[in-house]
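Read the structure below first, then the notes.
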Number of protein chains: 2
Amino acid sequence: MRKPREEMIAETRAKLIAAGRHAFGTVGYAGSSMDDFTGHAGLTRGALYHHFGDKKGLLQAVIREIDAEMTVRLHRISSAAPNRWQGFVDECVAYIEMALEPEIQRIMFRDGPAVLGDISQWPTNNGCIAALSGSIDQLKADGVMADIDTEGAARLINGASSHAALWIANSDDPEGTSKRAVRGFRILLEGLRTRS
Amino acid sequence: MRKPREEMIAETRAKLIAAGRHAFGTVGYAGSSMDDFTGHAGLTRGALYHHFGDKKGLLQAVIREIDAEMTVRLHRISSAAPNRWQGFVDECVAYIEMALEPEIQRIMFRDGPAVLGDISQWPTNNGCIAALSGSIDQLKADGVMADIDTEGAARLINGASSHAALWIANSDDPEGTSKRAVRGFRILLEGLRTRS
DNA sequence: ACCACTTACATACGTGGCGTATGTCTAAGA
DNA sequence: TCTTAGACATACGCCACGTATGTAAGTGGT
């Protein structure tokens, strides 16, 4: 047992993040009682305040974790495609699909921005925007994409994707709406391709 | 004095909506104390609960009011343009600019969706989406816009616009960022035009 | 190996804000 | 004029957050 101490601490943090993530993702940030979900994790609010300062601090940590996961997933998908443009389109569609997951939708697109402000402006920049920007830069270098401001394009696409996801998720017919959204989205992206 | 009664009631409602709108727009929904802003309007929470049921109900009323105003503004702008396509582009840019106003941004794009869910899915449909859809339909009929799902396009554009606005608003250099965003946005829209 | 000090939590308390139940007063109808 | 319903105020309870305080365990210096 060289360092059981730090392990315990890390475990406590992880438990709090997991409990908060679950609570925020299901009943929402405002609907989550700190006593409840810390107790459910076998701890108290004391631990939470010690590690994260306040409720917002925990939300921030949860968001960081989810963002990191999303970035990895996006990167995997884009790099698995046969060519760059295809990878880019796949990445965008995957982003929409991720935004359909209730936990991501709630925490990353609803409560997160409402409580903490625009997340993508954080010092530790939003990984998803960065991933998108990287793809766009490569496409521009390849001459496949029109000359457009990289970060701007990334943000516009990001916005279109997340709203598309909200539209789908709240629709009466999610599957049908999903097809409509993705089809329109492909047309939108196609418009950014250099004309042959 | 034919109907002083109904006038008083309408006035009370208006006062509550105005007070709530101001509070929500400045300190946010969660940061607004009902006792505070009703008191500031010369009333109490009793009036609020009577007219709007709860805090959410007032937010809903506030959002309806703002949405109506935005719809009028958008319609004015699009109909003032020399041609349809121009009107459409103007409308979209105006939408971004409106989304830059702190009150609209906070209430319509942050707290509103967080507290009430996706507003645009409400029975009384979001006026801005409807306005955009109308413009797109006309452009398609004119053969100026590519064949794309109308509502889908409206929502994608809506999402891109609002995120662009957030990007600008939280930027260090709002003016420069605004130019970047609008330029990129024009390119995006141009991609939806039928190829000549 | 002992002691001072810090760290990692738990417990206890105060405060503020929401919702509801209840009260009161005024206007409208019979 | 009397009754009734609507418009609003007042009062109360509860829950949740944040903070202040307590405690036990670990760590570094001598």
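What separates CD of B/Glu7 from P of D/dA7 is a distance of 15 Å, to the nearest Å. Atom CZ in A/Phe24 sits roughly 13 Å away from atom P in D/dA16 (whole-Å rounding). Rounded to whole Å, the distance from CG on A/Asp35 to C1' on D/dG18 is 11 Å. Rounded to whole Å, atom P of D/dA7 lies 15 Å from atom NZ of B/Lys15. The CE-P distance, from B/Met34 to C/dT20, rounds to 10 Å in whole Å. Going from atom CZ of A/Arg13 over to atom C1' of C/dC9 covers 14 Å, rounded to whole Å. At whole-Å resolution of the value, OH in B/Tyr29 and P in C/dG17 are 14 Å apart. We find that CG of A/Asp54 is positioned 14 Å from C1' of D/dA16, with the value rounded to whole Å.
The hydrophobic clustering, which links ILVMFWY residues whose side-chain heavy atoms are closer than 4.5 Å, places A/Ile136 and A/Leu156 together.
Checking the phosphate oxygens (OP1, OP2) of D/dA7, no side-chain nitrogen or oxygen of B/Thr12 falls inside 4.0 Å.
For B/Asp67 (side chain) and B/Gly127 (main-chain N/O), a donor-acceptor pair under 3.5 Å exists by modelled atom type. Formation of a donor-acceptor pair under 3.5 Å by the B/Thr150 side chain with backbone atoms of B/Ser133 is not found in this model.
Residues of residues 36-51 of chain A that place a heavy atom closer than 4.0 Å to DNA chain D, in numerical order, are A/Arg45, A/Tyr49.
Taking a cutoff of 4.0 Å between a charged side-chain nitrogen and a carboxylate oxygen, B/Arg183 and B/Glu190 do not qualify as a salt bridge. The pair B/Lys179-B/Glu175 does not meet the salt-bridge criterion, since no charged nitrogen lies less than 4.0 angstrom from a carboxylate oxygen.
For residues 19-38 of chain A, the salt bridge (charged side-chain N to carboxylate O under 4.0 Å, His left out) pairs, not counting sequence neighbours, are A/Arg21-A/Glu65, A/Arg21-A/Glu69, A/Arg21-A/Glu103, A/Asp35-A/Arg45.
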